[in-house]
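Reviewing the structure listed below.
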Amino acid sequence: MSNASGSAAAQSAQASEKPQQYDVAEIEARWLPFWEEDGTFEVDPDDTRERRYVLDMFPYPSGDLHMGHAEAFAIGDIPARYARLRGYNVLHPIGWDSFGLPAENAAIKNDAHPADWTYTNIDTQAASFKRYAISADWSRRLHTSDESYYRWTQWLFLQFHRRGLAYRKDSPVNWCPKDQTVLANEQVVDGACERCGTQVTKKALNQWYFKITEYADRLLDDMEQLAGRWPERVLSMQRNWIGRSTGATVRYEVEPAEDGADVEPIEVFTTRPDTLYGVTFMVVAADAALAEQLVTEEHREELARYRAALGSVSDIERQSADRERTGVFLGRYAAHPLTGERLPIWASDYVLADYGTGAVMAVPAHDQRDLEFARTMGLDVRVVVDTGEEDPAVSGTATAGEGTLVNSPAWEGLGKQEAIARAVDVLAERQLGQATVNYRLRDWLLSRQRFWGAPIPIVHCPSCGEVPVPEDELPVRLPADLRGEQLAPKGQSPLAAASDWVTADCPSCGEPATRDTDTMDTFVDSSWYFLRFLDPQNDERIFDSSEADRWMPVDQYVGGVEHAILHLLYARFFTKVIHDMGLIRFDEPFKALMNQGQVLNGGKAMSKSLGNGVDLGEQLDAYGVDAVRLTMVFASPPEDDVDWADVSPAGSAKFLARAWRVAQDVASAPGTDPTSGTAALRAVTHRTVHEVEQLLEDQKFNVVVARLMELVNAIRKEIDSGAGAADAAVREGAEVTAQILSLVAPYTAEDMWAMLGHEASVANSTWPTVDEALLVEDTVTAVVQVKGKLRDKLEVSTDITADDLEARALALPKIQKYIEADGGVRKVIVRAPKLVNVVTG
RNA sequence: GCCCCCAUAGCCCAAUCGGCAGAGGCAGCUGACUUAAAAUCAGCACAGUCUGGGUUCGAGUCCCAGUGGGGGCACCA
């Protein structure tokens, strides 16, 4: 670390009269420029100490910083600053996720270019971040909308494309009518657009996808590495989202068509191959091509009518469970693979076109949906698993539990699990099917019909088809001259209207061709930014692999739980692909994850519509940066929400002033040997450090603050009514206070450190070494219970023997009285030196 | 419907292994200082741990059932 000449610390230390009172504005004004000039938090590339990478999820530049940012970054700064104090070489970078729709909407409204709004907001936020005193390395700052960044986003796309992991297909996709763009499954919440809340519709479009499904198993199985270091609920959400289910594929032959032509067999996926003998009919997804292929001429019109009717049913209605079952008979029959029985084939909307094979074998006795359909349509119900429950045909409730297989010649009498295994074997032997794994996870739809994103670097050529833009021609830049109304949503990308831009020579044959006009989902940008932070200025490569070896994976990632699936799953996927490309050796990007809670006001999330927003800037002006940060950290454990109505930034400011005055009162000279100080206070100080180390490890940051308050109280007492301000233990305590406080309240801590006569910065000071001898107490209060109830106490030496302790406890008059009253001693439990429990009667 | 998490003082929250229910703060009250107030300092009070069972010498902590709150998934075959 470099040291700026004429440091503020030196000036402050030299000034013989210390500042008279705690003045927040003055303290902020003193230290903010110092850190910047000093480069206190910049990473030294030649530093060979052990490394730590601490990362906060980078912000989206929507206006200025708000209370949510304040909480997240106050919390994320703690592990970064603590690692620094423990002597690690710490990377703690900052950047902006700066592509995205709001910039575009603002540009349309203001007749401007999205870059104007974006970079203005970034400047505003950057200034606020600096004031907020995050210990970030500003020299590595990046913005995903910079050409120097999205060039590499495009480069990655090309690598995915080359590996067959980026492809186009026609498919019914989620379409937001308001934003006029497609959405990924992950961006549809309860049938509505995650961003604007508009009901999402389906639209058949040709779109780009990333083949994340090819990584489903690894994404699921590698979560083992994360267990215990990621919040369990995030892992469970990802597990649910990937939704692996194991079962079997079964092939059903279909009767020939009217003209005698063969009809392709139907394949179905089932998790319950044991119920094969209970199949009484087949159902295919009404909206799948399969339904059309299977329907007989006689029923074609009926199917068409049914499909037309479905178009008007919303996803919400469709998914409601208590809806009546509908469907049409297709006129055709399949053959049961084991019994040859004729099974009528139906089409219904309760079977999903894009899960499994889009067709199911219906086992109404043991599947509730099939049962409801069977009862509605008057189809057979055949019990093949005896669970001891009432006949589903009578009760209307399918029995899905454990039981004994019946009416199933090939596996009669087996239990459910054995029967499943046996069924898979039988199917495989007779070549009628095989064990199969299915996923809920779908491929990631990444193209967007919007402007403010990274253009997809593909050229469409009439003769060569889909041609990647050569890597040395990257980036494919966004046109700088589109603005205002030209960016308004029209159902196709605004880039399509930029005719100069669209026209390109085919990189393969040189003939006139057109550029792909879609841009990438902004989640693509954020799926790899943590790697670019390692080497943000590299023009030659996406990043230097040796830097990745040195820093990655991220030791501590901090961000909101709202990204539990989207960003975190995508980033894990990208990391695995980049690993497979040979650029990195690890395949999980974030070793540990911490989710901070939200900031609420009056029990509710702050929002404009509720009018309960709290302005961060006003809070900072009123109480100071340190007090706001301290309040965020002290209010509750990091993962819990903070309700601003329940906390007291004024109380935090009061504590900071109290801590500051302790440093101001210290009357001994810098460098005074602490061992000459009062032992009792020294013990408190060292016990505090010891405990704080564990609390930081356990991420109980709120308790760290509480312990610090106790320490300050103890020092205050020593100054006022103990050994006095000149005692060496008082100095030691004040220095430790400044160091621990620096994790949360850097301005105050820095000022205290300077008042105590140290060179700045406290952020790079050495964490105190705990003197184990001071932790040992020579006496302890032993508790004496009678029948588990506290009856008396004893002051005893910590090394007292069990026998001694028992004897002393039994000799206590009070205890004697209880023993007599309760009929004598039956048993004595001794846990020396802390507890004796006398069992009477 | 399925799965997960939580419940301690008026409020936010502590409580290594099962061992004194309370560390810290907010709000409240009393006193000192002050002409007064603010600030500051000193001190005080408040719950028996959501309910009901169980295990144990002993349960906030472990087990079972329930209530209340939060979250995730949900026609995924």
Side-chain angles (χ1 to χ4, degrees), chain A residues 21-22 190 231-241 243-245 247-248 250 268-273 275 283 285 318-323 325 348-352 354-363 366-370 372-373 400 438-442 561 564-565 630-631 634-637 639-652 654-655 657-658 661 691 694-695 698 700 702-713 716-717 720-721 781-793 826-831 834-841:
Chain A
Q21 57 178 10
Y22 181 69
D190 292 333
E232 183 47 44
R233 69 168 173 157
V234 173
L235 295 176
S236 104
M237 282 161 79
Q238 293 214 354
R239 251 180 242 120
N240 275 333
W241 189 263
R244 179 161 65 191
S245 62
V250 186
V268 300
F269 173 71
T270 178
T271 55
R272 295 291 308 275
T275 62
V283 189
R318 212 185 117 125
Q319 283 168 16
S320 92
D322 49 351
R323 202 173 131 254
R325 300 284 165 202
S348 174
D349 65 344
Y350 85 86
V351 172
L352 306 177
D354 57 355
Y355 182 78
T357 60
V360 303
M361 57 180 227
V363 187
H366 307 296
D367 182 287
Q368 189 61 30
R369 298 151 302 179
D370 293 344
E372 286 165 15
F373 192 79
N438 240 306
Y439 303 91
R440 209 192 78 104
L441 182 72
R442 306 293 150 81
V561 72
I565 303 172
L630 186 73
T631 304
F634 182 50
S636 63
E639 65 277 12
D640 285 7
D641 291 344
V642 174
D643 192 329
W644 204 248
D646 290 338
V647 297
S648 170
S652 298
K654 198 162 91 178
F655 166 70
R658 197 171 147 82
R661 278 195 306 272
E691 218 175 330
Q694 188 59 49
L695 289 165
D698 298 342
K700 295 178 179 174
N702 54 327
V703 189
V704 169
V705 176
R707 293 290 169 267
L708 192 58
M709 286 172 168
E710 283 179 84
L711 176 59
V712 169
N713 288 345
R716 182 79 258 158
K717 204 164 206 163
D720 291 345
S721 51
T781 306
V783 177
V784 186
Q785 300 175 335
V786 178
K787 285 171 101 174
K789 290 210 168 71
L790 172 69
R791 296 306 185 190
D792 208 347
K793 294 177 185 181
R826 182 145 58 95
K827 193 174 166 190
V828 181
I829 287 127
V830 184
R831 293 281 178 275
K834 293 183 73 176
L835 177 131
V836 178
N837 187 13
V838 182
V839 187
T840 54

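Lettering of chains follows the sequences in order, A, B, ..., and the numbering in each one begins at 1. Predicted model only: the values in this text are computed from it and were never measured. Note: hydrogens, waters and symmetry copies are ignored here, and every other heavy atom, side chains too, is used.
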Round to a whole Å and report the spacing from CG of A:L790 to C1' of B:rC57. 15 Å
side-chain N/O A:S245 vs B:rA77 OP1/OP2, d < 4.0 Å: yes
Using a cut-off of 4.0 Å on non-hydrogen atoms, how would the nucleic acid contact of A:V839 be classed: base, sugar-phosphate, or nothing? sugar-phosphate
Restricting both atoms to N or O, compile the protein contacts to nucleotides 10-17 of chain B shorter than 3.5 Å, with distance only.
residue	atom	partner	partner atom	Å
B:rC12	O2'	A:A635	O	2.5
B:rC13	O3'	A:N702	ND2	3.3
B:rA14	OP1	A:N702	ND2	3.4
B:rA15	OP1	A:K700	NZ	3.2

Would you check if the side chain of A:D698 reaches a backbone N or O of A:K700 as a donor-acceptor pair within less than 3.5 Å? no
Heavy atoms only, 4.0 Å cut-off, all strands: where does A:R442 land among base, sugar-phosphate and nothing? base
Using atom P of each nucleotide, how far apart are B:rC13 and B:rC6 to the nearest Å? 14 Å
Quiz question: by atom type and distance under 3.5 Å, do the side chains of A:N837 and A:R831 form a donor-acceptor pair? no
Please work out if A:Q785 contacts a base, only the sugar-phosphate, or nothing of the nucleic acid, heavy-atom cut-off 4.0 Å. base
Using a heavy-atom cut-off of under 4.0 Å over every strand shown, decide if A:S236 touches base, sugar-phosphate, or nothing. nothing
Give me the distance, rounded to whole Å, that separates B:rU40 from B:rC4 when you measure between the P atoms they each carry. 48 Å
Name the nucleic acid region contacted by A:K834, choosing base, sugar-phosphate or nothing; use a 4.0 angstrom heavy-atom cut-off, strictly under. nothing
Any idea if B:rG24 is syn or anti, going by the 90°-from-0 cut? anti
Just how far, in rounded Å, is P of B:rG19 from NZ of A:K827? 18 Å
Quick one: is B:rG25 close enough that its OP1 or OP2 comes under 4.0 Å of any side-chain N or O from A:N713? yes
Is any side-chain nitrogen or oxygen of A:R658 closer than 4.0 Å to OP1 or OP2 of B:rA39? no
Roughly how many Å apart are B:rG54 and B:rA23, using the C1' atom of each and rounding to a whole number? 32 Å
Expressed in whole Å, how much space separates the C1' atoms belonging to B:rU61 and B:rA21? 11 Å
Once ring-ring contact (aromatic ring centres under 6.0 Å, His included) is applied, do any residues pair with A:F269, and if so which ones, sequence neighbours excluded? none
Say we look at B:rU51 and B:rU56: how far apart would their P atoms be, to the nearest angstrom? 23 Å
Using a cut-off of strictly less than 4.0 Å, decide whether A:K654 has a side-chain nitrogen or oxygen near OP1 or OP2 of B:rC26. yes
Touch check for A:R831, heavy atoms < 4.0 angstrom, all strands: base, sugar-phosphate only, or nothing? base
Can you check whether A:Y350 has a side-chain N or O nearer than 4.0 Å to OP1 or OP2 of B:rA77? no
